[in-house]
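Presented below is the structure to which this report refers.
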Amino acid sequence: MIAVGVLILATVGLLATVSRGGGPGNTTTAAFDLPALTGDGRIRLTDFKGQPTVVNFFASWCSACDLELPGYAKVSAELRGRVHFVGVDTLETGDPLYMPKRHNITWWPLAHDVGGSNGSGLHDSLGGGNNMPITAFYDAEGNLVDVDQGALPESSLRVRLRELYGM
């Protein structure tokens with residue numbers, strides 16, 4: 001009985017750290033290997049080693065995603081070749097390609113979240129809960145360094161990139 005309680009407390013503590021993001025310099029590994037949104041390929045965190053990676057979670061119904069993605073599209077185009085941007089469709093109830101097409105980010109590697117409570121395994125593991133969108137920031141070695149819950153307007157995204165990656 002005590003062992004179960006300790007396990008529950010440890011799990012809650014880990015999820016709380018990940019959901020807060022831990023802040024710059026606090027690294028946690030949260031690797032992923034997801035099916036590509038189109039075709040038969042896979043989108044793996046290990047494929048992006050050597051450069052920082054920003055993973056944005058979206059869904060066709062998410063109005064906050066719709067508001068933040070124009071800024072992500074602009075910033076990702078400016079930083080292309082220096083920072084990887086990956087899109088993960090999660091908690092989807094409609095057309096998974098709606099947001100990428102609408103905001104011209106189909107050139108990003110796009111993945112389909114799987115598992116979890118509702119096709120949301122990675123989203124859930126990052127403490128996403130009912131929050132949409134969320135953005136996970138990984139360093140060049142693939143360590144999770146921060147998770148922001150909620151929409152990040154372009155100016156806030158630029159601040160996060162400067163704080164975490166010096167860009």
Side-chain angles (χ1 to χ4, degrees), residues 18-19 21-22 24 27-62 64-92 94-116 118-128 131-154 156-167:
V18 171
S19 68
T27 58
T28 305
T29 301
F32 58 85
D33 179 346
L34 298 170
L37 202 51
T38 59
D40 295 327
R42 305 289 297 180
I43 308 297
R44 297 176 181 93
L45 179 60
T46 56
D47 294 339
F48 307 108
K49 276 201 171 184
Q51 290 182 335
T53 302
V54 176
V55 180
N56 180 259
F57 293 78
F58 62 86
S60 61
W61 52 264
C62 175
C65 302
D66 204 25
L67 292 173
E68 81 171 355
L69 282 172
Y72 276 68
K74 182 177 179 184
V75 171
S76 66
E78 291 171 11
L79 295 176
R80 199 170 189 172
R82 296 189 307 162
V83 176
H84 294 287
F85 280 76
V86 176
V88 178
D89 180 61
T90 191
L91 299 167
E92 188 58 71
D95 177 3
L97 289 172
Y98 175 74
M99 287 293 175
K101 286 179 181 176
R102 178 173 169 81
H103 298 289
N104 197 27
I105 56 171
T106 54
W107 60 272
W108 291 6
L110 298 171
H112 178 71
D113 206 354
V114 294
N118 188 23
S120 57
L122 182 58
H123 175 270
D124 294 350
S125 75
L126 294 169
N131 293 321
M132 279 294 283
I134 68 170
T135 302
F137 297 88
Y138 295 85
D139 66 16
E141 282 71 48
N143 296 303
L144 179 67
V145 294
D146 204 8
V147 177
D148 277 317
Q149 298 197 19
L152 284 176
E154 181 182 335
S156 297
L157 175 61
R158 290 182 186 280
V159 167
R160 299 302 295 135
L161 293 170
R162 212 171 12 261
E163 290 173 350
L164 296 171
Y165 308 137
M167 297 183 182

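The side-chain heavy atoms of Tyr138 and Leu45, taken from C-beta on, include a pair separated by under 4.5 Å. Counting only heavy atoms from C-beta outward, the side chains of Lys74 and Arg158 approach each other to under 4.5 Å. The closest side-chain heavy-atom distance from Ile43 to Phe48 is below 4.5 Å. Residues Leu79 and Val54 form no side-chain contact, since every pair of their non-hydrogen atoms from C-beta on lies 4.5 Å or further apart. Using a 4.5 Å heavy-atom cutoff, the side chains of Gln51 and Val83 are not in contact. At a threshold of 4.5 Å between non-hydrogen side-chain atoms, the residues Asn56 and Leu69 count as touching. Put simply, the side chain of Asp89 does not reach to within 4.5 Å of the side chain of Leu110, judged on heavy atoms. Considering only heavy atoms from C-beta on, Trp107 comes within 4.5 Å of Arg80 through its side chain.
We find the CD-SG distance between Glu68 and Cys62 to be 7.0 Å, quoted to the nearest 0.5 Å. Of the inter-residue distances, the one linking Thr53 atom OG1 with Asn143 atom CG reads 11.0 Å to the nearest 0.5 angstrom. The distance from atom CG of Leu152 to atom CG of Leu67, rounded to the nearest 0.5 Å, is 12.5 Å. Taken to the nearest 0.5 Å, the NE2 atom of His112 stands 9.0 Å off from the CG atom of Leu34. Note: Leu126 CG to Asp148 CG = 11.5 Å, rounded to the nearest 0.5 Å. Taking OG from Ser156 and CD from Glu163, the interatomic distance works out to 9.5 Å, rounded to the nearest 0.5 Å.
Pairing each heavy atom of Arg82 with each of Pro52, the nearest pair is O-CD, 3.5 Å. Heavy-atom minimum distance, Gly128 versus Ile134: CA-CD1, 4.1 Å. The nearest pair of heavy atoms linking Asp139 to Tyr165 is CA-CE2, 4.3 Å. Annotation for Pro35 and Val114: closest pair CG-CG1, 3.8 Å, computed over non-hydrogen atoms. Annotation for Pro133 and Ala64: closest pair CD-CB, 3.6 Å, computed over non-hydrogen atoms. Between Trp108 and Val86, the closest heavy-atom pair is CE3-C, 3.8 Å.
A donor-acceptor contact shorter than 3.5 Å links the side chain of Ser76 to the backbone of Tyr72. Without hydrogens or angle criteria, His84 side chain to Gly50 main chain gives no donor-acceptor distance under 3.5 Å. With hydrogens and angles ignored, the 3.5 Å screen pairs a side-chain donor or acceptor of Trp61 with a backbone N or O of Leu91. With Glu154 contributing its side chain and Val75 its backbone, the two residues share no donor-acceptor pair below 3.5 Å. With hydrogens and angles ignored, the 3.5 Å screen pairs a side-chain donor or acceptor of Asp113 with a backbone N or O of His123. Side-chain atoms of Thr46 do not come within 3.5 Å of backbone N or O of Arg44 as any donor-acceptor pair. With hydrogens and angles disregarded, a donor-acceptor distance shorter than 3.5 Å links the side chain of Gln149 to the backbone of Gly127. Although no hydrogens or angles enter the test, the distance criterion places no donor-acceptor pair under 3.5 Å between the side chain of Asn118 and the main chain of Ser120.
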Let's go through Val88 and Phe32 carefully: what are the C-alpha distance in whole Å and the side-chain angles of both, what is the deciding distance for side chain to side chain contact (heavy atoms under 4.5 Å, CB included) to 0.1 Å, and is it a yes or a no? CA-CA 11 Å; Val88 178; Phe32 58 85; 5.6 Å; no
